Amino acid sequence: MRPKEVEAMIKAAHSFGRHGVRDAAIILLMFRHGLRTAELVSLKWSQVDLNDGYIEIRRVKHGHDSTHPLRAPELRALRQIKRDYPETQYVFVSERKAPLSTRTIRHIIARAGELAVTEIQFSFLNHKN
């Protein structure tokens, strides 16, 4: 995907529903760090250092675990999620504080993609005239 398409998805996810910050952060982290859904749902706060700005990625399929720097937008989103769900072990949780399922992640991404496509098409039509 192109960065503009991802930005449109992040914007769409952020503007839809009660969990906009969380859903936008999901797309942002998956794109920037190449996370698989299984890696994302298993992400724990113990792998995230908000002070020094890095995240430990534990790969699930034949990959090598690594440490990645976090940029300002990611840090802001993760800090907000930490404030919204202060006593959870996992980063991305439901209202019941259980880790999100891979199915839920796929649904969030699909919904953001549908909203973003509509936004991109509308923007394209506006620029044609």
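The model shown is predicted, which means the values in this text are computed figures rather than measured ones.
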Report the residues that fulfil side chain to side chain donor-acceptor pair (under 3.5 Å) with [X], sequence neighbours left out, ordered by chain and then residue number.
| X | answer |
| --- | --- |
| S94 | none |
| R32 | E74 |
| R96 | none |
| Y90 | none |

Distance in Å, [X] [atom1] paired with [Y] [atom2], rounded so as to fall on 0.5 Å steps:
| X | Y | atom1 | atom2 | answer |
| --- | --- | --- | --- | --- |
| H33 | L28 | NE2 | CG | 7.0 Å |
| E56 | S66 | CD | OG | 9.5 Å |
| I105 | R36 | CD1 | CZ | 15.0 Å |
| I55 | L50 | CD1 | CG | 9.5 Å |
| L40 | F92 | CG | CZ | 5.0 Å |
| H14 | L115 | NE2 | CG | 14.0 Å |

Should we count NZ of K82 as having more than 12 external heavy atoms under 6.0 Å?
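Atom NZ in K82 is crowded, with more than 12 foreign heavy atoms closer than 6.0 Å.
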Can you tell me if R79 has over 12 outside heavy atoms packed within less than 6.0 Å of its CZ?
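For R79, atom CZ is crowded (more than 12 foreign heavy atoms under 6.0 Å).
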If you define the side chain from C-beta out and look only at heavy atoms, does anything of [X] sit under 4.5 Å from [Y]?
| X | Y | answer |
| --- | --- | --- |
| V91 | L29 | no |
| L70 | V48 | yes |
| V21 | R76 | no |
| T37 | M30 | yes |

With H107, which residues qualify under ring pair (Phe, Tyr, Trp, His ring centres under 6.0 Å), at least two apart?
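H107 satisfies ring pair (Phe, Tyr, Trp, His ring centres under 6.0 Å) with no residue once adjacent residues are dropped.
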For [X] against [Y], the heavy-atom pair lying closest together:
| X | Y | answer |
| --- | --- | --- |
| S15 | A12 | OG-O, 3.0 Å |
| A13 | A112 | CB-CB, 4.0 Å |
| I81 | A25 | CD1-CB, 3.7 Å |

Within one Ile-Leu-Val-Met-Phe-Trp-Tyr cluster: Y54 and F31, side-chain cutoff 4.5 Å
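Hydrophobic grouping puts Y54 apart from F31.
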Under 4.5 Å between side-chain heavy atoms, counting indirect links through other Ile/Leu/Val/Met/Phe/Trp/Tyr residues: same cluster for V60 and I109 or not?
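No, V60 and I109 fall in different hydrophobic clusters.
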Taking side chain to side chain contact (heavy atoms under 4.5 Å, CB included) as the definition, give me every residue that meets it alongside H19, ordered by chain and number, with sequence neighbours left out.
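H19 satisfies side chain to side chain contact (heavy atoms under 4.5 Å, CB included) with R22, D23, Y85, E95 once adjacent residues are dropped.
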What's the verdict on salt bridge (Lys or Arg N to Asp or Glu O under 4.0 Å) for E39 and R59, showing C-alpha distance, side-chain angles and the deciding distance?
CA-CA 6 Å; E39 294 163 349; R59 300 293 180 187; 3.0 Å; yes
Stepwise side-chain contact (heavy atoms from CB on, under 4.5 Å) test for W45 and L78
CA-CA 10 Å; W45 285 114; L78 288 169; 4.3 Å; yes
For the backbone of K44 and the side chain of Q47, can you confirm whether one donor and one acceptor N or O come within less than 3.5 Å of each other?
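It does hold such a pair.
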